[in-house]
Each structure stands twice: as structure tokens, then as C-alpha cells.
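Here is the structure we will look at, set down as C-alpha cells.
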There are 2 protein chains.
Amino acid sequence: MGITKTDFFSEQQNQTANIFKALGHPARIAIVEYLLKAKSCICGDIVNELPLAQPTISQHLKELKNAGVIQGSIEGKTICYCLNPEIIYQLESIIGGMANEIRNQNSNCC
Amino acid sequence: MGITKTDFFSEQQNQTANIFKALGHPARIAIVEYLLKAKSCICGDIVNELPLAQPTISQHLKELKNAGVIQGSIEGKTICYCLNPEIIYQLESIIGGMANEIRNQNSNCC
DNA sequence: AACGTATATTGCAATATTACGATATGTTTG
DNA sequence: CAAACATATCGTAATATTGCAATATACGTT
């Protein structure tokens, strides 16, 4: 159907999936990488950096913001976007937890 | 259009996005969590664990496999699925790198 | 070989995503 | 206030994803 049965999964699972989903597009990875590289939180240069039209980028930024991956605050004429450390740390913890579980369970299956 | 302009992004960006995308669905998160919990690499119980029909789960497993997140090997009558440690470690490294960059750049913007 | 069990594939309907032109909104500057 | 700029929203077309019933495939057992 294309409709995701979110009701059947836990709040936690849905939220985790949402963060991953937000990062599941090369343009959005590129945006995140750019925000990391541009130490200070840079504003509208993203449109010039990516091979996508302005409305498209605006839409990607919106999705990243909805998922909590980035934050945006109005800074006069421009809007200042930057990463939300909380979410990145949260992701680090989720993946780190998975990796640790794998390291601990030295299964010799497969 | 719904078509992703993968050509315009780096191989690396596309591959990273693909892994995130594979994890960007609650059912697939649930599958990964189940594979982590069931220390030995369990086979067909996943269908009984999730509130989804068998073809749907088969499809999700296929997507996880395509992205390299899980591995499947035929084990007689059943098929044995388990996580691919490589990819999880790779993800750990990607996210860890991002988190470290954020920690190092103590920007006071936003 | 015939049956049961486990998983994959096909086909299709419903919905979501991606992309962008056109346009709206808001802000600074002249 | 008007012009210039930055960003968001709307509308729409193309494509992708999600979900499942039906069916196919593959293996082990009788």
C-alpha cells in the first residue's frame, strides 16, 4: 500500500526509523556533511553547493528539521541552519549499542 | 519526480544514504533489533514476531540484504539471516566521525 | 512421487517521495 | 515604499515504497 504501519511498532522504533529515513538520501547526506565541514553554521550557501534547485533543497532541509537532525533559526535576511548535536549523539549511541552487542556475541553462525 | 539524482552525488554519499535508507523503516529496525537479541542467527521466526505478512517481511529482508545490512545463507529447509558486522561497524565509524567533529568544533552559533 | 513447511516472486493498489516551476513571504537596503 | 534578495510553500508530474493475496520455488519427509 505504501502506507507504513507505524501503529504496530514501538514509539522508539518509529523514532529511530525516522532519523535513519531522514538521512537516507544522498542530498541530505551531502547537506549534513556540508554542515559538518562549514564549522560555523552557514546559511544559504547550501543551494550553491548542491546540484539541486532551491525549492528541492528547501524541502530536504525541512525533512531534516522535522526529524530533528538539524536546527534552523532566523538570522536576519538569511536562515541559519546547523546540526542538532543531540540527535547525532543519540544516533551514535544507538549504533554504538548495536556494534557492542555484535562484538559481545561472537556468534560463529553464518 | 520521485527519481533520485544519484549521479550528482559521490559514490560514498550514495552508499551511506543507502544504508540509512535501509534502516529507515520501523519494520526493518524491528528486524535488526530481533537479530541482535536472538544471539544465534535465527531463521524464520521473524514472521511470527512481526505484525506483517510473510511476503512483506521477505521484501524487507531483501532490502536489508541489498544494502548489505544483513546476510542470509541457506540452512537446509530454512534460511539463516544474521547481521553483517562490517556494515554496522562502518555505520558506527561514520556516525562516530560526525559526533567527534561536532564535539571538536564547539561552535556557539544557533 | 506426493505432501508439508519455509521462503521468494509476481502483480497490483494505495500512498509516499523527489524534483522543480511558479509564486508567496519575509527582510534588508536604497 | 520599492527593489533586491533569501527562503518557503503550492501545485503537479514522475517515480518509489509499502503491503498483501496469489502463486512459485525449494527442501525435507513420508
Side-chain angles (χ1 to χ4, degrees), chain A residues 1-9 13-14 17-31 34-35 41-67 69-82 110, chain B residues 1-9 13-14 17-31 34-35 41-67 69-82 110:
Chain A
M1 296 171 192
I3 192 169
T4 299
K5 293 186 145 188
T6 47
D7 297 352
F8 291 159
F9 301 100
Q13 287 169 331
N14 281 309
N18 271 336
I19 299 172
F20 281 125
K21 191 174 176 184
L23 293 170
H25 191 288
R28 295 196 288 269
I29 291 289
I31 289 172
Y34 185 71
L35 286 176
C41 79
I42 291 297
C43 318
D45 312 331
I46 301 167
V47 175
N48 304 319
E49 289 289 322
L50 298 190
L52 293 171
Q54 179 267 323
T56 307
I57 291 176
S58 183
Q59 197 174 298
H60 283 307
L61 287 168
K62 191 178 174 186
E63 278 171 71
L64 285 170
K65 200 174 174 184
N66 282 342
V69 176
I70 64 176
Q71 300 167 319
S73 57
I74 296 160
E75 195 73 45
K77 188 159 72 174
T78 64
I79 292 199
C80 174
Y81 276 115
C82 59
C110 295
Chain B
M1 296 172 191
I3 193 169
T4 299
K5 292 186 147 186
T6 47
D7 297 352
F8 291 159
F9 300 100
Q13 286 169 331
N14 280 310
N18 270 336
I19 300 173
F20 281 125
K21 192 175 176 185
L23 294 170
H25 191 288
R28 294 195 289 268
I29 291 290
I31 289 172
Y34 185 71
L35 286 176
C41 78
I42 291 298
C43 316
D45 313 331
I46 301 166
V47 175
N48 304 318
E49 289 288 323
L50 299 190
L52 293 171
Q54 179 267 323
T56 307
I57 290 176
S58 182
Q59 196 174 299
H60 282 308
L61 287 168
K62 191 179 174 186
E63 277 171 71
L64 286 170
K65 200 174 173 183
N66 281 343
V69 176
I70 65 176
Q71 301 167 318
S73 56
I74 297 160
E75 197 71 46
K77 189 158 72 174
T78 64
I79 292 198
C80 174
Y81 275 116
C82 60
C110 296

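OP1 or OP2 of C/dA8 lies within a sub-4.0 Å distance of a side-chain N or O belonging to B/S58. Proximity of A/Y81 to the phosphate of D/dA8: a side-chain N or O atom is located under 4.0 Å from OP1 or OP2. Remark: A/H60 is in phosphate contact with C/dA19, judged by side-chain N or O atoms under 4.0 Å from OP1 or OP2.
Side-chain atoms of B/H60 and B/L50, non-hydrogen and from C-beta on, never get closer than 4.5 Å to each other. The shortest distance between side-chain heavy atoms of B/T4 and B/F9 does not fall below 4.5 Å. Side-chain contact check for A/F20 versus B/I29: some heavy-atom pair is nearer than 4.5 Å.
For B/I79, taking side-chain heavy atoms from C-beta onward, the closest of the listed nucleotides C/dA8, D/dG19, C/dC20 is C/dA8. Distance from the side chain of A/L61 is smallest for D/dA8 among the nucleotides D/dA8, C/dA8, C/dC20.
When every heavy atom of B/L52 is checked against every heavy atom of B/I57, the shortest pair comes out as O-CD1, 3.6 Å. Between B/A67 and B/N18, the shortest heavy-atom contact is CB-O, 4.0 Å.
Atom-to-atom, CD1 of A/I46 to C1' of D/dA8 comes out at 14 Å; the value is rounded to the nearest Å. Rounded to whole Å, atom C1' of C/dT7 lies 16 Å from atom CD of B/E63. Distance CG (A/L52) to P (C/dT17): 17 Å, rounded to an integer number of Å. If you take CG of A/N48 and C1' of D/dT7, they are 13 Å apart, rounded to a whole angstrom. Rounded to whole Å, atom C1' of D/dA16 lies 14 Å from atom CG of B/N66. The CG-P distance, from A/D7 to C/dT15, rounds to 14 Å in whole Å.
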>> What does the B/S/- profile of nucleotides 21-27 of chain C look like, 5' to 3', with a 4.0 Å heavy-atom cutoff to protein?
In response: BB----S
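Rounding to the nearest 0.5 Å gives a distance of 11.0 Å between CD of A/Q54 and CG of A/N48. Going from atom CD of B/Q13 over to atom CZ of A/R28 covers 13.0 Å, rounded to the nearest 0.5 Å. Considering CD1 of B/I79 and CD1 of B/I46, their distance stands at 11.0 Å, rounded to 0.5 Å. Here the CD1 atom belonging to A/I70 is positioned 10.5 Å from the CD atom belonging to A/E63, to the nearest 0.5 angstrom.
Each of B/T4 and A/T4 has a nearest nucleotide on DNA chain C; the 5'-most of these lies closest to A/T4.
In this structure, B/I57 reaches neither bases nor backbone, as no heavy-atom distance under 4.0 Å exists between it and the strands shown. Residue-level contact check: A/Q59 touches the bases, meaning some heavy atom is under 4.0 Å from a base atom. Residue-level contact check: B/T56 touches the bases, meaning some heavy atom is under 4.0 Å from a base atom.
Screening B/L61, B/I31, B/L64 against B/Y81 for a side-chain contact (heavy atoms from CB on, under 4.5 Å) leaves a single residue, B/L61.
Listed by residue number, there are no residues of residues 18-29 of chain B with a heavy-atom contact under 4.0 Å to DNA chain C.
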